Every structure is written in C-alpha cells, then in structure tokens.
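Okay, so here's the structure we're looking at.
Everything numeric in this text was worked out from a predicted model, so none of it was measured.
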Amino acid sequence: MAKLLRKEAERREKAATSRWSSDEPHFDGPLAQRQLRLLAGLLRTVVKRGHSGEVWEDTYALRVRCKIGDETLGLRFEILGRHRTELRAGFERPAPDLPARTPLQLKLDRALRTPLVTSWQDTLDRALETQMAEITADLVVAAEASFRQGLVEAREREEEHRRWLEERRQERLRQLSDKRLADLRTSGELLRRADEIRTLVARVEKAVLEGEKSDVPPEKLARWKEWALRQADTIDPVVSGQVMEHLYVSDLDDAEGNLP
C-alpha cells in the first residue's frame, strides 16, 4: 500500500496551499480511512499465510488484488444500504464524509460457478475487522475454485473456437460450391451458344451447296464460315479453356480439409 499512501501524502501536502478541490486527498474521509485499515489488515493476514497482494486506486475507489498461489483474485468494497453519493471525475462515488460505521461489504470481482463464500460484510454481531482470518481462508478456497474454473473456461473457449472454425469451413464450402455450380452453368450456356453458331453455319453451308442460296459465291461463304466458326471457338468453354479453370478446385479442397 506504500505507493498509494505516498500519493495521498503528496495530495495532502499540495492541498495545503491549493484552492482546487481536485488536489485534495481522495481517501481522507472517515469511511475511506476505515477501508484502508481493513485492506492493510487483510494484506497482513494474507502475507502471514504465504501469499501476497496489492492495493491501488481506481477513480476515487479502492481496489485490492490477492495472489494466492498462481491465482490472482480481485476484490472491491460495496456499501450496504442507501447512502449519499457525489459526482467525482464523472463517476458516482460515495460521499467522502460518510461515517466510518457505514456498513461495508467486501466481495470478489470474479463470479464463481461453485457455491462458495465470495463476499463478507459487516453484521450487527461482527465487523469486517474481526473476519480477516476467515476471509483469508475463504480466499484460499476461492483461488483453488477459480483456478479449476479457469481450466474449464479455457476448454470451453477452445471448443467454441473449434465450432466457429467449423462454421467458417462449412460456410466457405457453401460459397465455393455455389460458385462452382454458377461457373458450370455459365460454361453450359457458353457451349450452347457456340453449338448454336456451329449449327447455324452448317445449315447455311448446306443451303448454299444444295442450291437454296445459289447467289452466294463460294469464296464469300468460305470467309464467312471461317469467321463464324472462329467466333464459336472463342465462345466455346472447352476450346477457349474457360471450363478448364473450374477443374482446379484447390480452394474447395482446402475448405474440405483445414480452413486457415
């Protein structure tokens, strides 16, 4: 807590010669001073059990973290019942002059799925000051539950990620399949148009050769036929190579395997 207390001392010194309320200490009120004493007592008890912790300021509010083994648990104070508030730095915060006897609750920031004790409060029979040993013991149990819950949540996230990847893969397969079908239809339409041209050329040539259109010179027919069949070849998806592009479906193969 030393860093926080040094900062408060600097504010107190600055406020002595300043006219700005923003320069005043943030935790000089009776209730805030009690919270600091509670946190100091909690950290002393936690350290005696072989663990560690830290306190810091979060926009006119006190926060604490306790490190139990490899697990870190965040805690915060809440005031029980109705109380006066003030707008400080854009946040609704408890009024700084609330009395020290204002009932408090200390609770974990993390929600646990296992039904354990995760909050402690002032009661008519016992103040929080007398519950530090119990709170520390509860924190040790909660840290173990939090660790195990973290493993479960990690597996759940992995499973959710796998499902997301599979959904992406299936969607990619659908998109590729739709495109493949559209390409096939396009090639079929091009082939139909090319064959129609060839059929037309054949019928025109037959008509000319059989005398139905005898006024067309043979050399003119030959030039026209060459040009028309060249157009058909240009359209024909097999001759032009257009359909060959659809035979290479590496993207579809990738999607059927592992989608990056």
Side-chain angles (χ1 to χ4, degrees), residues 1-49 51-68 71-112 115-143 145-146:
M1 296 180 65
K3 183 178 179 180
L4 174 65
L5 295 178
R6 281 197 302 270
K7 184 64 176 178
E8 281 290 279
E10 292 171 2
R11 289 174 178 145
R12 197 173 293 110
E13 182 177 350
K14 187 175 182 180
T17 58
S18 173
R19 295 177 298 174
W20 301 100
S21 59
S22 58
D23 293 332
E24 296 175 354
H26 294 178
F27 305 107
D28 259 5
L31 184 59
Q33 284 291 300
R34 184 193 172 206
Q35 288 177 334
L36 286 171
R37 290 193 296 271
L38 283 168
L39 294 180
L42 173 63
L43 293 184
R44 280 195 296 268
T45 308
V46 166
V47 169
K48 286 180 182 178
R49 296 287 293 268
H51 309 295
S52 62
E54 62 175 331
V55 177
W56 76 98
E57 176 186 356
D58 179 18
T59 320
Y60 291 91
L62 290 168
R63 296 286 186 263
V64 61
R65 274 193 294 255
C66 292
K67 188 171 177 59
I68 312 294
E71 196 69 12
T72 300
L73 299 176
L75 299 101
R76 68 179 186 274
F77 281 114
E78 289 186 358
I79 297 177
L80 300 175
R82 299 179 61 181
H83 59 279
R84 289 185 299 104
T85 62
E86 288 185 3
L87 189 64
R88 310 181 77 183
F91 293 87
E92 284 288 339
R93 295 300 187 196
D97 60 347
L98 290 177
R101 64 176 181 276
T102 302
L104 289 174
Q105 181 184 65
L106 184 65
K107 63 186 302 183
L108 286 182
D109 284 334
R110 177 167 169 71
L112 297 178
L116 297 173
V117 178
T118 57
S119 65
W120 307 266
Q121 63 186 48
D122 290 318
T123 66
L124 293 176
D125 300 326
R126 297 188 67 192
L128 279 172
E129 284 82 351
T130 66
Q131 302 177 42
M132 290 302 143
E134 297 171 18
I135 293 174
T136 303
D138 290 337
L139 286 175
V140 173
V141 176
S146 178

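Side-chain atoms of R93 come within 3.5 Å of backbone N or O of T59 as a donor-acceptor pair. Distance alone, capped at 3.5 Å, places no donor-acceptor pair between the Q121 side chain and the L106 backbone. D122 places a side-chain N or O within donor-acceptor distance of the main-chain N or O of L128, the cut-off being under 3.5 Å.
Here the CG-CG distance, from L4 to L36, works out to 6.0 Å after rounding to the nearest 0.5 Å. In this structure, CG in L112 is found 7.5 Å from CG in L73, a value given to the nearest 0.5 Å. Atom CG of L75 and atom OG1 of T118 lie 9.5 Å apart (nearest 0.5 Å). With values rounded to the nearest 0.5 angstrom, E129 atom CD is found 7.5 Å from R37 atom CZ. To the nearest 0.5 Å, atoms NZ (K3) and CE (M1) are separated by 14.0 Å. Residue E92 holds its CD atom at 4.0 Å from OG1 of T85, rounded to the nearest 0.5 Å.
Side-chain contact annotation: T136 with R49, donor-acceptor N/O pair under 3.5 Å absent.
Inter-residue side-chain proximity for L31 and L104 is flagged as met; some heavy-atom pair is nearer than 4.5 Å. Annotation: side chain of L43 is in contact with side chain of V64 (closest heavy-atom distance under 4.5 Å). Side-chain contact between R126 and E134 is present, with heavy atoms from C-beta onward closer than 4.5 Å. Residues T102 and R34 form no side-chain contact, since every pair of their non-hydrogen atoms from C-beta on lies 4.5 Å or further apart. Contact annotation: the side chain of L38 approaches that of M132 to within less than 4.5 Å [non-hydrogen atoms, C-beta and beyond].
By the neighbour-count criterion of 12 heavy atoms within 6.0 Å, atom NZ of K67 is densely surrounded, having more than that number from other residues, nucleotides or ligands. Other residues, nucleotides and ligands contribute over 12 non-hydrogen atoms within 6.0 Å of the CD atom of E86. Counted within 6.0 Å of CZ on R76, heavy atoms from surrounding residues, nucleotides or ligands total more than 12; the atom is thus considered enclosed.
When every heavy atom of L42 is checked against every heavy atom of C66, the shortest pair comes out as CD2-SG, 4.3 Å. Nearest heavy atoms, P96 versus P30: O-CD, 3.6 Å. The two residues A32 and F27 have their closest heavy-atom pair at CB-CA, 3.6 Å. Heavy-atom minimum distance, T45 versus G41: OG1-O, 2.9 Å.
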Before giving the answer on side chain to side chain contact (heavy atoms under 4.5 Å, CB included), spell out for L108 and L139 the whole-Å C-alpha distance, their side-chain angles and the decisive distance to 0.1 Å. CA-CA 9 Å; L108 286 182; L139 286 175; 3.8 Å; yes
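Applying the salt bridge (Lys or Arg N to Asp or Glu O under 4.0 Å) rule to pairs touching residues 54-63 yields R11-E57, E54-R65, D58-R63, sequence neighbours excluded.
Not a single ring pair (Phe, Tyr, Trp, His ring centres under 6.0 Å) links H51 to another residue, sequence neighbours left out. Not counting sequence neighbours, the partners of R12 by the side-chain contact (heavy atoms from CB on, under 4.5 Å) test are E8, A9, P25, D28.
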